[in-house]
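Bear in mind that the values here come from a model prediction, so they are computed numbers and not experimental data.
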Amino acid sequence: MTIDQEDVTEHAGELDYLIQWLSAFGQTENGGVTRLLYDKAWREAQSSMQDKMRELGFSTYFDDVGNLFGRIQGTENTPNVILTGSHIDTVIDGGKYDGAYGILAALLAASRLVRKYGMPKRTVEVVSLCEEEGSRFPLSFWGSGNITGKYNAENALKVADTHGVTLLNAMQAAGFGKGDHVNARRSDIDCFIETHIEQGRILELEKKCWAPVSHIVGQRRYTVSLSGKSNHAGTTPMYLRKDALYAAAQMIAEVVHRAEVLHNGLTTTCGSIVADPNVSNVIAGSCRFSLDIRHHQTDVLEQFSAAAIEFFKSLANQSGIGITIDKWMDVEPVQLDPGLTEMNFKIGEKAGIPIRKMISGAGHDAQIFGNFCPTALLFVPSHNGISHSPEEYTDTEALEIGIQMLMRVLFRLAYN
């Protein structure tokens with residue numbers, strides 16, 4: 001069964017309307033979207049999403065942490081469900097499509113299947129996950145993390161936003177949670193399917209329409225702190241200096257160069273640097289920078305990280321610079337279900353559209369589900385690879401093709 005261009009055109013208006021409708025909750029002055037976990041815009045968006053689900057024929061419910069589910073009961077009345085969707089929250093001044101498109105795609109795909117083929121054999125639930133980004137609280141994947149048992153109420157007590165409001169208090173103020181008890185864990189999910197914009201440029205540059213994702217990269221993130229000696233820029237000879245900023249520059253240049261020459265998909269980024277006293281005519285006495293390393297294979301990730309740290313320590317020792325390295329994120333790579341990945345690739349081939357398999361360099365709820373149940377992640381292109389920005393954009397035809405493909409995936413899983 002190939003993609004029908006008339007089908008794509010016919011539904012474009014419906015999708016455009018829903019994208020704009022959802023982006024109005026938390027819309028910023030420059031056209032971005034800010035919906036932070038449990039804030040006013042988030043509450044309004046989740047409530048309105050529940051109304052939209054009911055309007056389209058789903059039965060709905062919230063769990064303890066605010067994940068919203070729209071359910072279509074299967075005719076076989078088996079206890080387990082096929083779960084599909086994405087997250088409702090955004091980064092600050094983010095785009096209209098990140099997370100939101102995955103929810104709308106799931107909602108439209110499931111409801112269209114019911115209209116076309118009747119009720120599915122297996123129960124399908126569309127989920128609007130309460131949080132993924134970590135934009136308000138220093139904790140990511142709160143929605144999927146509770147469903148899979150990664151998080152519980154104890155985590156909600158330990159973290160607070162910049163105003164000192166704990167996650168538990170914010171959750172209870174939004175009407176969720178039961179005292180100090182939170183239980184959103186599920187044991188009835190057969191598989192999770194997430195559709196998402198790529199947030200990169202590969203599909204657009206290669207003129208591909210759709211991509212089943214085989215892996216999500218692991219991440220190691222560090223804060224590297226260097227301590228030298230602050231002194232006068234004009235009167236301190238070069239051979240007597242202990243310049244923390246210069247040492248940081250050498251470290252950053254070397255670790256980025258090592259990643260560039262590998263050509264194996266590994267990425268390394270030093271995106272933040274702070275020097276002290278940060279004055280043009282004073283040698284920096286201390287410096288702190290971030291290091292982000294990503295790859296989809298654990299051994300590659302570990303070997304590169306260990307070598308980078310060894311180099312940093314060696315250079316600091318040679319330069320007379322003190323060094324401390326704090327690893328504050330250690331996320332393992334996730335291989336998504338090979339059977340689902342291959343099934344989806346074959347579905348794409350039969351649809352007659354340009355496709356490819358991909359590795360995701362960004363984190364998604366699918367990586368949390370990927371260690372819990374069979375999971376698939378499906379990408380559509382992003383224009384210029386821009387994401388987490390008001391300029392985030394994917395044209396309606398590409399989005400609609402993603403919905404048509406999700407319909408085929410759900411049909412295979414729920415109707416066959």
Can you name the nearest heavy-atom pair linking [X] to [Y], along with the distance?
{"X": "A366", "Y": "L336", "result": "O-CD2, 3.8 Å"}
{"X": "S135", "Y": "V91", "result": "OG-CA, 3.1 Å"}
{"X": "I293", "Y": "Y222", "result": "CD1-CE1, 4.2 Å"}

Could you list the residues that satisfy side chain to side chain contact (heavy atoms under 4.5 Å, CB included) with [X], not counting sequence neighbours?
{"X": "P354", "result": "K208, C209"}
{"X": "S214", "result": "T341, I359"}
{"X": "I92", "result": "T34, L36"}
{"X": "D64", "result": "K178, V182, N183"}

Any side-chain heavy-atom pair from [X] and [Y] closer than 4.5 angstrom?
{"X": "N146", "Y": "N155", "answer": "no"}
{"X": "K121", "Y": "Y415", "answer": "no"}
{"X": "I147", "Y": "I368", "answer": "no"}
{"X": "M251", "Y": "F289", "answer": "yes"}
{"X": "L413", "Y": "I193", "answer": "yes"}
{"X": "Q250", "Y": "F311", "answer": "no"}

Side chain to side chain donor-acceptor pair (under 3.5 Å) contacts in which one or both residues fall within [range], not counting sequence neighbours:
{"range": "residues 365-379", "answer": "S144-D365"}
{"range": "residues 48-62", "answer": "Q50-T60, R54-T60, Y61-E125, Y61-R186"}
{"range": "residues 309-322", "answer": "S314-Q318"}

Interatomic distance, Q46 atom CD to C130 atom SG [nearest 0.5 angstrom]: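 That separation rounds to 7.5 Å.
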Test of understanding: with salt bridge (charged side-chain N to carboxylate O under 4.0 Å, His left out), list the residues that count as partners of [X], not counting sequence neighbours.
{"X": "D161", "result": "R136"}
{"X": "K357", "result": "E342"}
{"X": "K327", "result": "D330"}
{"X": "E76", "result": "none"}

N/O donor-acceptor pair under 3.5 Å between S23 side chain and Q20 backbone: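 Yes.
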Main-chain N/O of E391 paired with S389 side-chain donor or acceptor, under 3.5 Å: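 The answer is yes, because a donor-acceptor pair under 3.5 Å joins these two groups.
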Short side-chain donor-acceptor distance under 3.5 Å, K96 and Q27: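 Note: Q27 and K96 side chains miss the donor-acceptor criterion.
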Table please: side-chain donor-acceptor pairs of residues 97-113 below 3.5 Å, with sequence neighbours left out.
residue: D98; atom: OD1; partner: H87; partner atom: NE2; Å: 3.2
residue: D98; atom: OD1; partner: H196; partner atom: NE2; Å: 3.0
residue: D98; atom: OD2; partner: Q199; partner atom: NE2; Å: 3.3
residue: D98; atom: OD2; partner: H388; partner atom: NE2; Å: 3.0
residue: Y101; atom: OH; partner: L399; partner atom: O; Å: 2.6
residue: S111; atom: OG; partner: L107; partner atom: O; Å: 2.9
residue: S111; atom: OG; partner: L108; partner atom: O; Å: 3.1
residue: R112; atom: NH1; partner: E400; partner atom: OE2; Å: 2.6
residue: R112; atom: NH2; partner: E14; partner atom: OE1; Å: 3.2
residue: R112; atom: NH2; partner: E400; partner atom: OE1; Å: 3.4

